[in-house]
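Report on one structure; see the data block that follows.
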There are 2 protein chains.
Amino acid sequence: METTLEEMVAALKREGYKLTPQRRAVLRVIALSQSHLTPAIIYQRAHRTHPGIGLVTIYRTLNMLHELGFICEVCGEGHRPSYLFRRIPQHHHHLVCSDCGTVVNFTHCNLDSLERRLSEETGFLIQEHLLEFHGLCPKCRKQMPEQNFFLGGKG
Amino acid sequence: METTLEEMVAALKREGYKLTPQRRAVLRVIALSQSHLTPAIIYQRAHRTHPGIGLVTIYRTLNMLHELGFICEVCGEGHRPSYLFRRIPQHHHHLVCSDCGTVVNFTHCNLDSLERRLSEETGFLIQEHLLEFHGLCPKCRKQMPEQNFFLGGKG
DNA sequence: GCATTAAATGAAAATTACTTTCATCTACTA
DNA sequence: TAGTAGATGAAAGTAATTTTCATTTAATGC
């Protein structure tokens, strides 16, 4: 069901990539986190178990993992991309905590009928969609009770 | 119904901003385009009617317009942000042509029930969502008939 | 119209995020 | 265990954006 660190390792080898300690370190950081991580954060963490790792290696490993489909990009309104272990292989989207960064996956976006309607109305050939929900996870919600009154979106 | 260039100009003045020829040039470029534009493209176009305009001014004007809510950001999977005249003031989303960049707005995303379900299931307080459809507009679709066979999303 | 002034501008430098280059190293294969 | 293709990291390079600051100018009041 859920992709594991071991499966990632196996896939890397299968695809002909070498399994270096640096790559292991990056994989570990990604597989252990429930949040979306920037390259800089991944670098910091990987550095703890593997001092001497270079930021370049982080970028290269992220590219590789993205191409292999093991990580997702979180977009969050025009800022720099951050990355996330793709725990479930099927089509899904993310519910992102804007405070701590925790991400919950959800499948069944039910956008098919909307997609069909838009396609008919506009003549567009729709190829993909991007959907993300942003808010506060239960923990962060408790820590900021005043925020609970703010229910408005961006309009 | 639709926001006009004149309304933008009026709002700027109302908010205490000065109406400089540079700002006029940027407003014009944005109001005339049906696509999302990068700062670099806006710079190029504004340069035609106002040679000597600096790229810094583009960035500053875009920030201002974004804060005032006159432009939307288009995200498109982790790349650099590009901007778009917010023609309709209400909550809406974008259908973006991945070839020519033309954007069609649509309201009624019908995400309320999904949002409620997710909120119940996860305990998240959902504050906003990000939704974009990407595909080929009718014109570009005709120009690349071979693309019509590619209907798969990112899975 | 004209002086005043706070805000806006643009050149240049600084910053940030990322990519490329290249000499060295190392995980894997035979 | 040697050979080798692929991986690494330091350093340089690139691109996008921001900051700094001296100069200019749009709007206001006279």
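Below, read A as the first sequence line, B as the second, and so on, with proteins coming before strands; counting in each chain starts at 1.
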Name the residue closer to the 5' end of DNA chain D, choosing between B:P39 and A:G54 according to the nucleotide with the nearest heavy atom. A:G54
Please check this pair: side chain of B:H94 against backbone of B:N105, looking for a donor-acceptor N/O pair closer than 3.5 Å. no
Any donor-acceptor pair under 3.5 Å linking the side chain of A:H47 with the backbone of A:R45? no
Check the surroundings of atom CZ in B:R87: do more than 12 heavy atoms from other residues, nucleotides or ligands lie under 6.0 Å from it? yes
Can you tell me if the side-chain N/O atoms of B:R23 get under 4.0 Å from OP1 or OP2 in C:dA8? yes
For C:dC18, does OP1 or OP2 lie under 4.0 Å from any side-chain N or O of A:Y59? yes
Can you tell which of B:V96, B:I71, B:T102, B:I41 makes a side-chain contact (heavy atoms from CB on, under 4.5 Å) with B:H36? B:V96
Tell me the bend of the helix from C:dG1-D:dC30 to C:dA30-D:dT1 as the angle between end helix axes, each from five pairs, rounded to the nearest 10 degrees. 40°
Below 30° counts as parallel, above 60° as perpendicular, anything between as tilted: where do the rings of B:F133 and B:F106 land? tilted
So what does B:G16 hit on the nucleic acid, given a heavy-atom distance under 4.0 Å: a base, only sugar-phosphate, or nothing? nothing
Quick one, give me the B/S/- string for nucleotides 19-30 of chain D, reading 5' to 3', where B means a protein heavy atom under 4.0 Å from the base and S means that only happens at the primed atoms, P, OP1 or OP2. BB-----BS---
Using a strict 4.0 Å threshold on nitrogen-to-oxygen distance, state whether B:E121 and B:R117 make a salt bridge. yes
